[in-house]
Structure formats: C-alpha cells, structure tokens
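Chain A is the first sequence line, chain B the second, and so forth, proteins listed ahead of strands; every chain is numbered from 1.
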Protein chains: 2
Amino acid sequence: MTTPKTGSKRNTPQKAAVKHALGEAKGFVSAQQLHQTLKNHGSTIGLATVYRTLADLAVAGEADSLQSKDSEVLYRACTTSHHHHLICRECGLTLEIEAEKLEKWADQVAKERGFSQPSHNIDIFGICAACQ
Amino acid sequence: MTTPKTGSKRNTPQKAAVKHALGEAKGFVSAQQLHQTLKNHGSTIGLATVYRTLADLAVAGEADSLQSKDSEVLYRACTTSHHHHLICRECGLTLEIEAEKLEKWADQVAKERGFSQPSHNIDIFGICAACQ
DNA sequence: GTCTTATTGAGAATGTTTGTCAATAAGCCC
DNA sequence: GGGCTTATTGACAAACATTCTCAATAAGAC
Ligand SMILES: [Zn+2]
Ligand SMILES: [Zn+2]
Ligand SMILES: [Zn+2]
Ligand SMILES: [Zn+2]
C-alpha cells in the first residue's frame, strides 16, 4: 500500500491575497466586500475562490466568523485561540475580549442541564467612542 | 387634531395560526418549517405571511430569533423578557437560561472600552441528554 | 521538463428572504 | 345587517448571499 497523496493543500497567490486582505481589514468583513477590495487593488480573483478560502481559514482557526443582521457571514483575521468580540455597530471596529470565567460558566450551564459537547456564541455590540 | 387611525393592527386568522404553530413547536423553527407545518394541517397561508408575522412577533418581543448555521433565521415563542438559550444541536430542544451576572458583565465590558448602547448575543449549544 | 491533480474562475443553480400588487377581509360607523 | 376604508393577504417575481459545476489552469513532486 502506497502513501495516499490525496488531501494535500497547495499554496496559491489567491489564498495569499485573501489572507493578506483579511489582515488589512479593520473589523469584520464579508466575502463580497473582500472580493471588491481585491478587485479594486487589481486582482482578478474569483468570488467563489474568496468564499472557499475564507471558509477554509475559518475551519483552520485562522479566521473568526460571525453572522451579521442582514444574513451574511462576516470574517476577521484572528491570532489567538478562543476569544470573543466587542463590535461597534457603526464602524465595525472590533476588540477582542477574553473571559475565562465566562467560558467556565457556559460549559457549567450545559453540563448542569445534561448537555454534552458544549459550545457557545457570545458577542457584545455597542457604539464605540469614536462613533458617539 | 383627530386621533390618527393609521398604524393600527388587525387580528387575522393567519396571525393566530402562526402564533399557535410557533407555540406548539418544541424548539427553534424556521419560517419555511412553520409554513410547511401549517400547510400540513390544512392551512392555505402564504409563505410571505409567515415571514411577515414572525418578523412582527420578534419586534414585539413575543418571539426570540436566532441565526442558524445554514443561514436561516429561526424563531421561538418566548414569554419572559430578556434571557438566553441552551440549544440541542441535534433535536433543537431549547432551555431558557437566566444569568443576571452575565448581563452585568457584558454591559460592564462595553462601558470599560468606551462603547455605549451595549447589547449582546449569547447562546449555548450542546447535545441534550436524550440525544446522546 | 513532465505528470498528476488540487485549484481556479465564470457562470449557472440553489435557497432564503424581501418586494410587488391586485384581491380580500377586519374593524368601524351607520 | 350593510357599506367603507385600508391593513392584510397570497401568488409570484425579484434580490440576495452562497454553493455547485466543470473545463482550464498551475502547484508541487519526480
Ligand atoms: Zn465605531
Ligand atoms: Zn468562549
Ligand atoms: Zn436533543
Ligand atoms: Zn442577556
């Protein structure tokens, strides 16, 4: 039996471009927005590729994803592992929040009620100082 | 100046049907699901009407809404005012969670960072005892 | 360079949600 | 009860984000 060669990932300029553009963005951005930005910078990247790359980044833990009010998925480059966000409803400015107590509380609540494999969605919104 | 007659709401069998069907549902359901259920019970209600009624209920605070993973909005009948949910990823079973400390913590975090008009999204997911 | 095959991009297809608009019927006054 | 006003309805058509399809391309290995 030979070692299967399937499942390998390839490095392409498109993926690098998406990664870079996501890093430049200030807050959460949608795939459509990122695609526009890339095209404005001269890239000919396809929309589907942006979607695919962002989804991959989210799975790999290199990006955080979030559902906006108008039914679109927003992405943001993230370095640290597990954390939450404080997001400005006006300008999209995003601050990372860490709360060890909160994590424990959420898992605790799930266990108390007999739920296994706990996970949670926690986001805080508001209007940032600059946007008041 | 006469009392304006605009803006009044009318009670229709369709609204009552949606309200009732939402009350019967065990956990969170989508507008499409609810529409199917209603049709299965013999109703000829239109899909748009289900969407409109659910949106109204959510605004009026009579229903809680939530974004599912597959980009659809889920609704649930709710009685008490502000609370959060513990939701089974398998069967949709939903328990209501109250945590006064949590509310204060979220608002506190926002204020500390200079954010006004704080709000938050907090949901806990897991696999319920029956679904293990 | 050659070969294999993951990846790309253009467009079609999907699925949810919203808009349009003529027809209907709630609430109200008589 | 019989009419009037207009909010509401339902069938259908957009609008919208996202996924799928597939021939063409190019990354990585030898
Ligand atoms: Zn701001
Ligand atoms: Zn957490
Ligand atoms: Zn369950
Ligand atoms: Zn709360």
Side-chain angles (χ1 to χ4, degrees), chain A residues 2-22 25 28-60 62-63 65-76 92, chain B residues 2-22 28-60 62-76 92:
Chain A
T2 57
T3 311
K5 306 218 173 175
T6 56
S8 59
K9 296 281 181 183
R10 292 177 183 175
N11 296 323
T12 67
Q14 287 89 344
K15 284 180 186 169
V18 171
K19 229 170 175 173
H20 180 258
L22 190 63
F28 280 84
V29 290
S30 70
Q32 306 269 0
Q33 285 169 11
L34 222 51
H35 181 233
Q36 261 309 318
T37 301
L38 286 164
K39 284 211 301 186
N40 292 347
H41 283 236
S43 171
T44 63
I45 192 172
L47 177 58
T49 301
V50 177
Y51 272 100
R52 285 186 286 239
T53 304
L54 286 175
D56 287 348
L57 286 175
V59 169
E62 297 185 55
S65 64
L66 165 67
Q67 292 268 357
S68 86
K69 308 290 176 186
D70 15 300
S71 305
E72 50 184 3
V73 180
L74 305 182
Y75 293 91
R76 179 171 192 268
Chain B
T2 56
T3 311
K5 305 218 175 175
T6 55
S8 58
K9 296 282 180 183
R10 292 178 182 175
N11 296 325
T12 67
Q14 288 89 343
K15 285 179 186 170
V18 170
K19 229 169 176 174
H20 180 259
L22 189 64
F28 280 84
V29 290
S30 70
Q32 305 270 358
Q33 285 169 12
L34 222 51
H35 181 233
Q36 260 310 317
T37 302
L38 286 164
K39 285 211 302 186
N40 292 346
H41 284 236
S43 171
T44 63
I45 191 171
L47 177 58
T49 301
V50 177
Y51 271 100
R52 286 186 286 238
T53 305
L54 286 176
D56 287 348
L57 286 176
V59 170
E62 298 185 56
D64 267 341
S65 63
L66 165 66
Q67 291 269 357
S68 85
K69 310 288 176 185
D70 16 301
S71 306
E72 51 184 3
V73 180
L74 305 182
Y75 293 91
R76 180 170 190 268

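- The environment of NZ in B:Lys19 is sparse: at most 12 heavy-atom neighbours from other residues, nucleotides or ligands sit within 6.0 Å.
- In this structure, the NE2 atom of A:His35 is 15 Å from the P atom of D:dT19, given to the nearest Å.
- Projected onto DNA chain D by closest heavy-atom contact, B:Ser71 and B:Val50 fall at different nucleotides, the more 5' of which corresponds to B:Val50.
- Atom NZ of A:Lys69 and atom C1' of C:dT17 are 17 Å apart (whole Å).
- Checking the phosphate oxygens (OP1, OP2) of D:dG10, a side-chain nitrogen or oxygen of B:Thr49 falls inside 4.0 Å.
- At C:dT7, one or more side-chain N or O atoms of A:Lys15 fall inside 4.0 Å of OP1 or OP2 (strictly under the cut-off).
- If you measure from atom CZ of A:Arg10 to atom P of C:dT4, you get 12 Å, rounded to the nearest angstrom.
- Rounding to whole angstrom units, CD of residue B:Gln33 and P of C:dG15 are separated by 14 Å.
- Across all their heavy atoms, A:Leu38 and A:Ala17 have their closest contact at CD2-O, 3.8 Å.
- The nearest whole Å value for the distance from the CG atom in B:Asp70 to the C1' atom in C:dG15 is 10 Å.
- Rounded to whole Å, atom C1' of C:dT16 lies 11 Å from atom CD of B:Gln67.
- OP1 or OP2 of D:dT9 lies within a sub-4.0 Å distance of a side-chain N or O belonging to B:Thr12.
- For the pair A:Leu47 CG and D:dC16 C1', the interatomic distance rounds to 12 Å; values are reported in whole Å.
- Residue whose closest nucleotide on DNA chain C sits further toward the 5' end, between B:Asn11 and A:Thr53: A:Thr53.
- Note: CG (B:Leu54) to C1' (C:dT16) measures 13 Å, nearest angstrom.
- Nearest heavy atoms, B:Phe28 versus B:Gln33: O-OE1, 4.4 Å.
- Comparing A:Ala48 and B:Gln32 by the nucleotide of DNA chain C whose heavy atom lies nearest to each, the residue mapping closer to the 5' end is A:Ala48.
- When the nearest nucleotides of DNA chain D are assigned to A:Glu72 and B:Ile45 by heavy-atom distance, the more 5′-ward of the two goes with B:Ile45.
- Using a 4.0 Å cut-off, no side-chain N or O of A:Tyr51 falls inside it from OP1 or OP2 of D:dT19.
- The OG1 atom of B:Thr37 sits 11.0 Å away from atom NZ of B:Lys39, with the distance rounded to the nearest 0.5 Å.
- The phosphate of C:dG9 (OP1 or OP2) has a side-chain N or O of A:Gln14 nearer than 4.0 angstrom.
- Residue-level contact check: A:Ser30 touches neither bases nor backbone, having no heavy atom under 4.0 Å from any strand.
- Distance check, rounded to the nearest 0.5 Å: CZ of B:Arg52 to CG of B:Leu47 gives 9.5 Å.
- Interface remark: the A:Arg52 side chain does not form any donor-acceptor pair with the C:dT8 base, using a distance-only criterion of under 3.5 Å.
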